[in-house]
Amino acid sequence: MAGEFQAPRGTADLLPENEEAHRFVVGTFRKVTGRAGFRSIETPAFEDTALFQRGVGDSTDIVRKEMFTFEDKGGRSLTLRPEGTAPICRAWIEHGMNKLPQPVKLAYEGSFFRHERPQAGRYRQFHQVGIEVIGSGSPLADAEAICLLDAFLAELEVPDLELHLGSLGSPEARQEYLTELTSYLASRESELSEEVRDRVGSNPLRAFDSDDEGTSRVMEEAPLLLDRLDGEDREHFERVRELLDAAGVGYTVDPTLVRGLDYYGRTVFAFTCDRLGAQSEIGGGGRYDGLIARLGGPDTPAIGWAAGVERILLALDREAVAPELDLFLAWTEDSVAGRIPGLASELREKGISVGFDLAERNLKGQLKQADRAGARWTAILAADDSVELKEMETGDQRAADLTDLASIVAD
RNA sequence: GUGGACGUAGCUCAGCUGGUAGAGCUCCUGGUUGUGGUCCAGGCGGUCGCCGGUUCGAAUCCGGUCGUCCACCCCA
């Protein structure tokens with residue numbers, strides 16, 4: 001509060017304690033996806049605005065009101081990426097990845113930007129990790145993707161998870177269904193709550209989530225998209241369910257699962273955790289078979305997901321990690337200080353983490369620094385080359401030889 | 001974009017009905033001319049978010065504004 005400047009609304013500094021927790025999540029992601037044969041990809045932080053307009057969909061909230069859009073000096077409209085899938089599809093097309101063995105399995109991590117009012121688990125700049133499996137329409141790809149998200153969250157030990165699974169069918173089936181649902185809602189309009197009535201036009205599916213009593217009664221008899229799936233879509237969904245059952249991944253079929261991006265079709269899924277507050281979704285995704293073609297590439301099926309790093313951390317409620325150091329070098333006379341940096345480098349080359357005081361403190365101050373740096377050992381060097389090695393936790397101290405430091409500290 | 005709560009030292013907070021700021025923790029120094037984590041003493045640190053109004057006088061009342069948090073919408 002003291003300074004003139006503050007991090008912009010909805011952004012946050014990742015202080016060392018948080019930075020480490022953050023790295024832990026991303027590191028786990030890399031481990032889990034790496035051993036599944038995924039390779040990393042990194043795309044720019046901003047793209048042509050039109051990529052998102054077409055890829056994510058003009059009618060979505062993201063495009064309508066949540067994008068950070070600006071013009072560069074050449075008058076091009078650019079947008080800070082609000083999500084990762086459209087950029088990766090763009091890269092896939094641009095670099096002719098259809099010539100690679102299919103499917104192409106990609107993993108990414110990074111910052112994303114959405115201009116929304118911040119609240120618990122929602123920020124204007126946030127971090128996601130995610131994967132895309134591009135080039136296979138098989139339910140095996142769906143199952144693999146979902147199992148991987150499950151494995152990732154399990155490895156992190158995220159508690160109280162629930163997997164919601166649904167299918168949106170083909171775009172045509174979905175459109176037909178929405179028309180049917182809208183007219184059904186219209187036929188019983190008088191029984192619906194006011195809010196729901198207002199929203200029928202924009203998002204009739206939301207009516208399923210209402211806790212209004214009259215609305216709930218109406219929705220119990222409402223037609224379900226899952227019941228309207230045609231043959232192939234239905235088979236696909238059944239097959240995905242079989243594969244998940246066989247893999248021992250538990251889920252709830254959620255006929256009302258909605259995704260905020262236009263490109264989804266067939267399988268959609270989301271992991272939720274109720275200790276997050278209003279933003280309970282930790283990660284989710286789905287199949288987007290039409291997207292690559294829509295962006296000008298060859299007709300290519302694909303599926304992927306993204307998970308929010310901040311939300312995972314919120315669910316984990318991980319304790320801050322204290323700093324740790326193998327050895328702290330202290331000295332008794334200023335004449336010894338000159339030898340310290342070189343000695344530290346030597347020991348560090350042997351793989352030992354070494355620190356020393358950088359503020360010209362007296363011995364007492366140096367010991368205090370050692371303590372705060374989380375040092376397990378402190379070596380006190382005297383002008384006559386004698387060394388006292390102190391074990392910080394117990395306070396035990398003994399004479400040691402300079403050449404033995406590395407081996408003693410290493411165990 | 002809408003609604004609610006809040007905004008005093010780096011952090012957590014106190015400061016009743018107005019008389020121009022305080023605690024604990026942290027940090028620095030000393031008690032210990034070569035020894036940390038306990039203890040004791042001292043010190044650094046605040047335009048009381050900002051602007052305006054009421055008043056002899058405002059951290060305290062009023063208005064506005066900015067910001068934070070939470071919720072709605074929607075989503076990671």
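Throughout, a chain's letter reflects where its sequence line sits, starting with A, and its residues are numbered from 1. Small disclaimer: the values here were computed from a predicted structure and weren't measured.
- Across the strands present, B/A23 finds its partner in B/U12; the criterion is a Watson-Crick or G-U wobble pair with both atom distances under 3.5 angstrom.
- Among the atoms of the strands shown, base atoms are found under 4.0 Å from some heavy atom of A/Glu116.
- For B/G42 and B/U12, the P atoms lie 26 Å apart once the distance is rounded to whole Å.
- The 5' end of RNA chain B is approached more closely, in terms of each residue's nearest nucleotide, by A/Thr11 than by the other of A/Thr11 and A/Phe126.
- No contact: A/Gln366 has no heavy atom under 4.0 Å from any strand.
- The listed nucleotides are B/C70, B/C75, B/G36; the one nearest the side chain of A/Arg114 is B/C75.
- Remark: the A/Arg117 side chain and the B/C72 base include no donor-acceptor N/O pair separated by less than 3.5 Å.
- Stacking of A/Arg81 on the aromatic ring of A/Phe112 is recorded, both the 6.0 Å distance cut-off and the 45° axial limit being met.
- When heavy atoms are screened at a 4.0 angstrom cut-off, A/Glu281 is found touching the sugar-phosphate backbone but no base atom.
- Judged by centroid separation below 5.5 Å and plane tilt below 30°, A/Phe112 does not stack onto the base of B/A76.
- Distance noted for atom C1' between B/C51 and B/G67: 14 Å (whole Å).
- With B/U35, B/C28, B/C74 as the choices, the nucleotide that has an atom nearest any side-chain atom of A/Leu367 turns out to be B/U35.
- Pair assignment for B/U55 gives none, since no Watson-Crick or G-U wobble pairing has each distance under 3.5 Å.
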Could you list, one pair per line, each protein nitrogen or oxygen that sits under 3.5 Å from a nitrogen or oxygen of nucleotides 37-40 of chain B, together with the distance?
{"from": "B/G37", "atom 1": "O4'", "to": "A/Asp371", "atom 2": "OD2", "distance (Å)": "3.0"}
{"from": "B/G37", "atom 1": "N2", "to": "A/Glu393", "atom 2": "O", "distance (Å)": "2.8"}

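- Across all strands shown, B/C6 forms a Watson-Crick or G-U wobble pair with B/G67, both key distances being under 3.5 Å.
- Each of A/Lys65 and A/Glu391 lies near RNA chain B, and the nucleotide nearest A/Glu391 is the one positioned closer to the 5' end.
- Residue-level contact check: A/Ala120 touches the backbone only, with heavy atoms under 4.0 Å from sugar-phosphate atoms and none from bases.
- None of A/Arg124, A/Arg9, A/Arg122 except one satisfies the salt bridge (charged side-chain N to carboxylate O under 4.0 Å, His left out) rule with A/Glu116; the exception is A/Arg122.
- For the pair A/Arg124 and B/A76, the criterion of a side-chain N or O lying under 4.0 Å from OP1 or OP2 is not met.
- Residue A/Arg361 places its side chain closer to B/U29 than to any other of B/C73, B/G67, B/U29.
- Under the 3.5 Å distance criterion, the side-chain polar atoms of A/Asp401 are left unmatched by any main-chain donor or acceptor of A/Asp404.
- For the 3.5 Å distance criterion, the side chains of A/Asp254 and A/Thr252 fail to qualify, holding no donor opposite an acceptor.
- Remark: B/G18 base-pairs with no nucleotide in the shown strands. Criterion, Watson-Crick or G-U wobble with two distances under 3.5 Å.
- Heavy atoms of A/Ile282 sit under 4.0 angstrom from primed sugar atoms or phosphate atoms, though from no base atom.
- The base of B/U35 lies close enough to the side chain of A/Gln397 for a donor and an acceptor atom to sit less than 3.5 Å apart.
- For A/Arg311 against B/C75, a side-chain N or O and a base N or O form a donor-acceptor pair under 3.5 Å.
- Nucleic acid contact for A/Gly121: base, since at least one base atom lies under 4.0 Å from a heavy atom of the residue.
- Under the Watson-Crick or G-U wobble criterion, with both distances below 3.5 Å, B/C39 is paired with B/G31.
- For the pair A/Phe356 and A/Trp331, the minimum side-chain heavy-atom distance is below 4.5 Å.
- Using a 3.5 Å distance cut-off with no hydrogens or angles, the side chains of A/Glu132 and A/Tyr288 do pair a donor with an acceptor.
- The separation of B/A23 from B/U8, taken at their C1' atoms, amounts to 12 Å, rounded to a whole angstrom.
- Distance from the side chain of A/Gln6 is smallest for B/G67 among the nucleotides B/C73, B/G67, B/C74.
- Ring planes of A/Phe29 and A/Phe152: perpendicular class, angle over 60° (limits at 30 and 60°).
- Salt bridge A/Asp227/A/Arg234: absent, no basic N to carboxylate O contact under 4.0 Å.
- Base-pair partner of B/C48: not found among the strands shown (Watson-Crick or G-U wobble, both distances under 3.5 Å).
- Using a cutoff of 4.0 Å between basic side-chain nitrogens and carboxylate oxygens, A/Lys390 and A/Asp396 are not scored as salt-bridged.
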